[in-house]
Student: 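Below is the structure I would like to discuss, written out as structure tokens.
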Amino acid sequence: MKSQTRGGTRWRRFAVVMVPSVAATAAIGVAIAQGALAASFSVSGQQFQVKAESLHGWGFVQYGAIDKTKKGDKPVAVVGINTAKITKLCQAVTVPTPFGEVGMKLEAGSDKQVEATKLYIDADDLKANAKFTNVDIGVSVSDTSKGPGPAKPGDDNRGAYVPGSFAQQADEVEFTDVDQRAWATSAGTFTLPGLHMGVSMGAAKC
């Protein structure tokens, strides 16, 4: 996935604002078992909302990157986490159609926590309370070691980053009251106990 990103990416902003973005996309009902990172896929350009009561993760990394979507290049904060447990997840996406807006809402993890491994999230907005344990700020993305690491080279659609650029990592992370906007996510495994999905006309919100 090592390819040149476009100019103008605000790496400092990613560092301060986007770091906690791992929390949100864990709610997505998509699982692609591909080991360290899911295979390359074309990002739709359709954003989605994800909310969670809490997320506890072990092995965390974050860095700035560019996703190539159907609506053009998008600056994102890519977050990787080795193992995550999430409580009360909700994902909502609204899709425009010739017949009007169609909303899809997914909920899981109310009675038993959602679990994910080798989780990667590409997001551009996050609100949450966050706690990091043994955090390293300013490490080179090429030398991160605490999380699953930057995405594999050769993926031209997601997570293109500048080798040696800014990254953060931590042994452990805790997030509460999460509300995030994301472009894409992938995971080695994704277990969603008590999954409920509903589709209806009109916009969907968590």
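Along the sequence shown, residues are numbered consecutively beginning with 1.
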Student: Would you tabulate the side-chain donor-acceptor contacts of residues 190-206 under 3.5 Å, counting partners in other chains and residues two or more places apart, or write 'none'?
Tutor:
none

Student: Considering non-hydrogen atoms only, spot the tightest contact between Ala52 and Leu89 and give its length.
Tutor: CB-CD2, 3.3 Å

Student: Applying salt bridge (charged side-chain N to carboxylate O under 4.0 Å, His left out), name anything that partners Asp177, two or more places apart in sequence or on another chain.
Tutor: none

Student: Parallel, tilted or perpendicular for Phe132 and Phe175, by the 30°/60° rule?
Tutor: perpendicular

Student: Between Val139 and Gln168, is any pair of side-chain heavy atoms under 4.5 Å apart?
Tutor: no

Student: Please assess Lys127 against Asp125 for the test salt bridge (charged side-chain N to carboxylate O under 4.0 Å, His left out), listing each intermediate value before the final yes or no.
Tutor: CA-CA 7 Å; Lys127 300 178 182 70; Asp125 190 76; 3.4 Å; yes

Student: Taking atom types as modelled, find out whether Thr189 and Thr117 have a side-chain donor-acceptor pair closer than 3.5 angstrom.
Tutor: yes

Student: Keeping Gln169 on the side-chain end and Ser145 on the backbone end, is there a donor-acceptor pair under 3.5 Å?
Tutor: yes

Student: I'd like to know if Leu126 and Phe166 are part of one continuous hydrophobic network [Ile/Leu/Val/Met/Phe/Trp/Tyr, side-chain heavy atoms within less than 4.5 Å].
Tutor: yes

Student: Quick one: does Thr144's side chain have a donor or acceptor within less than 3.5 Å of a partner on Val61's backbone?
Tutor: no

Student: Indicate the atoms forming the closest heavy-atom contact of His56 with Trp58, along with that distance.
Tutor: O-CZ3, 3.4 Å

Student: Nearest 0.5 Å, please: how far is NZ in Lys88 from OG in Ser54?
Tutor: 9.5 Å

Student: Which heavy atom of Leu55 sits nearest a heavy atom of Ala84, and at what distance?
Tutor: CD1-CB, 4.2 Å

Student: Please test Asp124 against Lys74 for salt bridge (charged side-chain N to carboxylate O under 4.0 Å, His left out), starting from the C-alpha separation and ending with a verdict.
Tutor: CA-CA 9 Å; Asp124 65 3; Lys74 304 296 181 182; over 6 Å; no

Student: Would you say the side chain of Gln91 lies within less than 4.5 Å of the side chain of Met104, judging by non-hydrogen atoms?
Tutor: yes

Student: Could you walk me through whether Val78 and Tyr63 pass the side-chain contact (heavy atoms from CB on, under 4.5 Å) test, one step at a time?
Tutor: CA-CA 6 Å; Val78 177; Tyr63 54 94; 3.4 Å; yes

Student: Using side-chain heavy atoms (C-beta onward) and a distance below 4.5 Å, is Trp183 in contact with Arg181?
Tutor: no

Student: Check side-chain hydrogen bond (donor to acceptor under 3.5 Å, both in side chains) between Glu115 and all other residues, then give those that pass, not counting sequence neighbours.
Tutor: none

Student: Residues in salt bridge (charged side-chain N to carboxylate O under 4.0 Å, His left out) with Glu101, at least two apart?
Tutor: none

Student: Check salt bridge (charged side-chain N to carboxylate O under 4.0 Å, His left out) between Lys131 and all other residues, then give those that pass, not counting sequence neighbours.
Tutor: none

Student: If hydrophobic clusters are built from ILVMFWY residues whose side chains come within less than 4.5 Å, do Val135 and Val173 share one?
Tutor: yes

Student: To the nearest 0.5 Å, how far apart are NZ in Lys105 and SG in Cys90?
Tutor: 4.5 Å

Student: Once salt bridge (Lys or Arg N to Asp or Glu O under 4.0 Å) is applied, what residue pairs with a partner in residues 161-173 remain, sequence neighbours excluded?
Tutor: Lys146-Asp171

